[in-house]
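Quick caveat, the model's predicted, so the values are computed rather than measured.
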Amino acid sequence: QVQLVESGGGLVQAGGSLRLSCAASGRTFSRVAMAWFRQNPGTEREFVAAIDRSGGITYYADSVKGRFTISRDNAKNTMYLQMNSLKPEDTAVYYCTASLGPIPTRTSCGYIDWGQGTQITVSS
């Protein structure tokens, strides 16, 4: 099991930037793919971005491509999500998640450990 703790959420105006961090402990961080998902009340959890264990392969949802950047620092057991040009529709609770293996996927069923989530609110 991987324990995950997100930080960096908050309130930002449209067009602004935020950087989320996800600190991991437990199962070897560098061996597993990681991802960010987001969710609003009453909706399904939505894929945002994923990264393989080395950081060499990344996937993005079309809605965030070109604005968000996922990265990881295996020496620090930490994953990041740099969010630029934020839009009101980016408002959600953002979750950090770890896969069972090294290959990232876009579906939540591919991930087994989840953080508690951090709220991002983008005002217009």
pair R45-T97: side-chain heavy atoms closer than 4.5 Å: no
Please identify which of these residues, E44, E6, E46, meets the salt bridge (Lys or Arg N to Asp or Glu O under 4.0 Å) condition with R38. E46
Minimum heavy-atom distance S85-S17, with the two atoms named: N-OG, 4.3 Å
If you measure from CG on D52 to OG1 on T105, what distance do you get to the nearest 0.5 Å? 12.5 Å
Group every Ile, Leu, Val, Met, Phe, Trp and Tyr by side-chain heavy-atom contacts under 4.5 Å, then state whether W114 and V48 land in the same group. no
Ring centroids only, cut at 6.0 angstrom: are Y111 and F37 within range, meaning strictly under it? yes
Would a 4.5 Å heavy-atom cut-off, applied to side chains only, mark M83 and V12 as touching? no
Do any N or O atoms from the side chain of N40 and from the backbone of T91 form a donor-acceptor pair under 3.5 angstrom? yes
Tell me, yes or no, whether the heavy-atom count around R31 atom CZ, taken from other residues, nucleotides or ligands under 6.0 Å, exceeds 12. no
Is there a donor-acceptor pair closer than 3.5 Å between any side-chain N or O of S99 and the backbone N or O of G101? yes
Working to the nearest 0.5 angstrom, can you tell me the gap between D73 CG and S30 OG? 11.0 Å
Residues K87, D90: salt bridge by 4.0 Å N-O rule: no
Heavy atoms of F29 and M79 approach each other most closely as CZ-N, 4.0 Å
Looking at every heavy atom in both G115 and Y95, which two are closest together, and how far apart are they? O-CD2, 3.6 Å
Least distance between heavy atoms, I70 atom then Y60 atom: N-OH, 2.8 Å
Can you tell me how far CD1 of I51 sits from CD1 of I57, rounded to the nearest 0.5 angstrom? 10.0 Å
Straight-line distance of I120 CD1 to L20 CG, nearest 0.5 Å: 4.5 Å
Are Y59 and V32 connected in a single hydrophobic cluster, I mean Ile/Leu/Val/Met/Phe/Trp/Tyr linked by side-chain heavy atoms less than 4.5 Å apart? no
Shortest non-hydrogen contact between G55 and R72, atoms and distance: N-CD, 4.0 Å
From CG (L4) to CG (D113), nearest 0.5 Å: 6.0 Å
Would a hydrophobic clustering, with Ile, Leu, Val, Met, Phe, Trp and Tyr connected at side-chain separations under 4.5 Å, put Y94 with Y80? no
Nearest heavy-atom neighbours spanning M34 and A98: SD-CB, 3.5 Å
From CG (L18) to CD (Q82), nearest 0.5 Å: 8.5 Å
